[in-house]
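Below is one structure, written out as C-alpha cells; the observations come after it.
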Amino acid sequence: MRTLLLTYNLGGFFEDSPLSFESFKSHFVLVLARFIKSTNARFIAINFQEVGGKHKKVDAVNDLIEILKEHIVPLGYWSSPFLANLKKGEEFTGLGSIVF
C-alpha cells in the first residue's frame, strides 16, 4: 500500500509576520493537495508541530484543518478528526495529526 507520512512545523505562520496566515493557508493547502494527488498514496498521515504558534491560536488551526479536508476528501480520501489537544493552558501540546 502506498503510504505518505508528512510532518510540518506550522509555528511561524500563526505569528504576526509579513506572510499573512490567510495567504499561507490557501497556498499551503493547494500545494499539499496537488502533492498528495501526484503520489497516488492510499494512506496519508500528516503530523503538525507548533500548532497554533506561541499564542495558541486555536481558531486558526481549526480553519486550516477544515480547508485541508475540503481539498483532500474530494480526491477520494476519508478523513479522521484532527488529533490534537487544543485546550488552552498547560495541557496544550502544540502537536496535532490528521489521517486520510
Side-chain angles (χ1 to χ4, degrees):
M1 175 189 316
R2 268 185 192 251
T3 302
L4 179 61
L5 306 174
L6 300 170
T7 188
Y8 198 86
N9 186 320
L10 293 173
F13 294 105
F14 292 99
E15 308 307 323
D16 296 328
S17 67
L19 178 60
S20 74
F21 181 71
E22 291 303 314
S23 64
F24 160 75
K25 182 170 54 175
S26 300
H27 179 73
F28 174 74
V29 169
L30 289 174
V31 168
L32 185 59
R34 271 191 238 129
F35 177 69
I36 288 171
K37 189 174 181 179
S38 74
T39 66
N40 212 16
R42 300 306 307 147
F43 177 85
I44 302 160
I46 304 172
N47 177 60
F48 294 111
Q49 303 159 26
E50 293 190 37
V51 173
K54 294 176 189 170
H55 302 291
K56 303 172 186 166
K57 297 180 180 175
V58 174
D59 292 339
V61 173
N62 292 330
D63 290 347
L64 176 65
I65 295 305
E66 287 309 309
I67 291 172
L68 190 60
K69 286 181 181 181
E70 288 172 10
H71 282 80
I72 307 291
V73 171
L75 297 176
Y77 294 96
W78 165 89
S79 173
S80 74
F82 186 55
L83 309 169
N85 183 351
L86 296 178
K87 295 178 184 173
K88 295 195 178 196
E90 294 196 23
E91 296 176 14
F92 188 86
T93 64
L95 297 174
S97 299
I98 190 164
V99 175
F100 294 99

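Minimum heavy-atom separation, F48 to I65: CE1-CD1, 4.0 Å. When all heavy atoms of I44 and I36 are compared, the closest pair comes out as CD1-CG2, 3.2 Å.
Cluster partners of M1, by chain and number: L5, F43, V99. The rule joins Ile, Leu, Val, Met, Phe, Trp and Tyr whenever side-chain heavy atoms lie under 4.5 Å apart. In the hydrophobic clustering, where aliphatic and aromatic side chains (Ile, Leu, Val, Met, Phe, Trp, Tyr) are joined below 4.5 Å either directly or transitively, V31 stands alone.
In this structure the side chain of R42 never reaches within 4.5 angstrom of the side chain of T3, judged on heavy atoms.
Rounded to the nearest 0.5 Å, atoms CG (L75) and CG (N40) are 10.5 Å apart. A distance of 12.0 Å separates CD1 in I67 from CD1 in I72, rounded to the nearest 0.5 Å. Rounding to the nearest 0.5 Å gives a distance of 9.5 Å between NE2 of H71 and CZ of R34.
With sequence neighbours excluded, the residues satisfying side-chain hydrogen bond (donor to acceptor under 3.5 Å, both in side chains) with S97 are N47. Remark: S79 pairs with K69, V73, I98, F100 by the side-chain contact (heavy atoms from CB on, under 4.5 Å) rule, at least two apart or across chains. For E70, the side-chain hydrogen bond (donor to acceptor under 3.5 Å, both in side chains) criterion is met by no residue, not counting sequence neighbours. In terms of the ring pair (Phe, Tyr, Trp, His ring centres under 6.0 Å) criterion, residue partners of F28 (sequence neighbours excluded) are, by chain and number, Y8, F24.
If you chain together hydrophobic residues whose side chains sit under 4.5 Å apart, F35 and I46 fall into the same group.
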